[in-house]
Amino acid sequence: MLTSLPNMLTVSRIAAIPLLLVLVYVDTPLFRWLALAGYALACITDYFDGYLARHMNQISPLGRFLDPIADKLLVASLIVILVAIHQIADLAVIPAVVILAREILVSGLREYLAEIKVSVPVTKLAKWKTGIQMLALGFLIVGDAGPKAIPVSLIGEIGLWIAGVLTAVTGYDYMARGLKHMVSEESGGQ
């Protein structure tokens, strides 16, 4: 049901993406800080939509479908715009590409495994990856608009590299677990 509070929070996260992208793209200090505020709010709704769905007993197929899509759209859109404005540049593009590639890989894997009725639960390491990724993107959104005494962009880049490494590790873990199911299904189907 789209009108449940958890689903409305998820949809609001998707709806906020164009505004966040414009705020980042315009690239003034005020807009960067406004983008950070909007991004922080989106990250908070990511936590609360699932929490509320479980606690209000409003878990729905629509919510299970939309929540990971909202997360991936938010992260991918921000990475692309940050690369476009050169906030993520040079070698820092490598972890950004790893993050995007893993999101596509895991989405495809989950879709396949859902067809054979196998769920792939989120690991604690994947949750850490998400948290570090969220923080890194927040620092990169602010970028040069941050206080001069704090190396905001550098902190964001380091966080992006850490998230990239964790992304590769968790992506490999998901793929290894998924391949086990694929192999067992293939050998059982012959």
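Position 1 is the first residue of the sequence; numbering continues from there.
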N/O donor-acceptor pairs under 3.5 Å from side chains in residues 150-173, not counting sequence neighbours:
from	atom 1	to	atom 2	distance (Å)
Ser153	OG	Gln87	NE2	2.9
Thr167	OG1	Ala163	O	2.5
Thr170	OG1	Arg102	NE	3.2
Thr170	OG1	Arg102	NH2	3.3
Thr170	OG1	Leu166	O	3.0
Thr170	OG1	Thr167	O	3.2
Asp173	OD2	Arg177	NH2	3.2

Query raised in the report: Considering only heavy atoms from C-beta outward, does the side chain of Asn7 approach that of Asp49 to under 4.5 Å?
Result: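 Side-chain contact under 4.5 Å: no.
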Requested in this report: Any pair with a residue in residues 26-37 that passes side chain to side chain donor-acceptor pair (under 3.5 Å), sequence neighbours left out, goes on the list, sorted by first then second residue, please.
Outcome: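 Sorted pair list: Asp27-Arg32.
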Same apolar cluster: [X] and [Y], side chain cutoff 4.5 Å:
| X | Y | value |
| --- | --- | --- |
| Val97 | Ile99 | yes |
| Val98 | Ile104 | no |
| Tyr39 | Tyr25 | yes |
| Val22 | Ile81 | no |
| Ile94 | Leu100 | no |

[X] [atom1] to [Y] [atom2] distance, which is reported to the nearest 0.5 Å:
| X | Y | atom1 | atom2 | value |
| --- | --- | --- | --- | --- |
| Ile14 | Thr45 | CD1 | OG1 | 10.0 Å |
| Leu109 | Met175 | CG | CE | 6.0 Å |
| Leu41 | Ser12 | CG | OG | 7.0 Å |
| Thr130 | Leu125 | OG1 | CG | 9.5 Å |

N/O donor to acceptor pairs below 3.5 angstrom from side-chain atoms of residues 65-79, sequence neighbours left out:
from	atom 1	to	atom 2	distance (Å)
Asp67	OD1	Arg13	NH2	2.7
Asp71	OD1	Arg13	NE	3.4
Asp71	OD1	Arg13	NH2	2.8
Lys72	NZ	Glu103	OE1	3.0
Ser77	OG	Leu73	O	2.6

Query raised in the report: side chain to side chain contact (heavy atoms under 4.5 Å, CB included) with Leu34: which residues, sequence neighbours excluded?
Result: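 Side chain to side chain contact (heavy atoms under 4.5 Å, CB included) check on Leu34 returns Leu23, Leu30, Phe31.
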Query raised in the report: Quick one: side chain to side chain contact (heavy atoms under 4.5 Å, CB included) partners of Tyr51, sequence neighbours excluded?
Result: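 Applying side chain to side chain contact (heavy atoms under 4.5 Å, CB included) to Tyr51 gives Tyr47, Phe48, Arg54, His55.
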Under 3.5 Å donor-acceptor pairs involving side-chain atoms of residues 133-149, not counting sequence neighbours:
from	atom 1	to	atom 2	distance (Å)
Lys148	NZ	Asp144	O	3.1

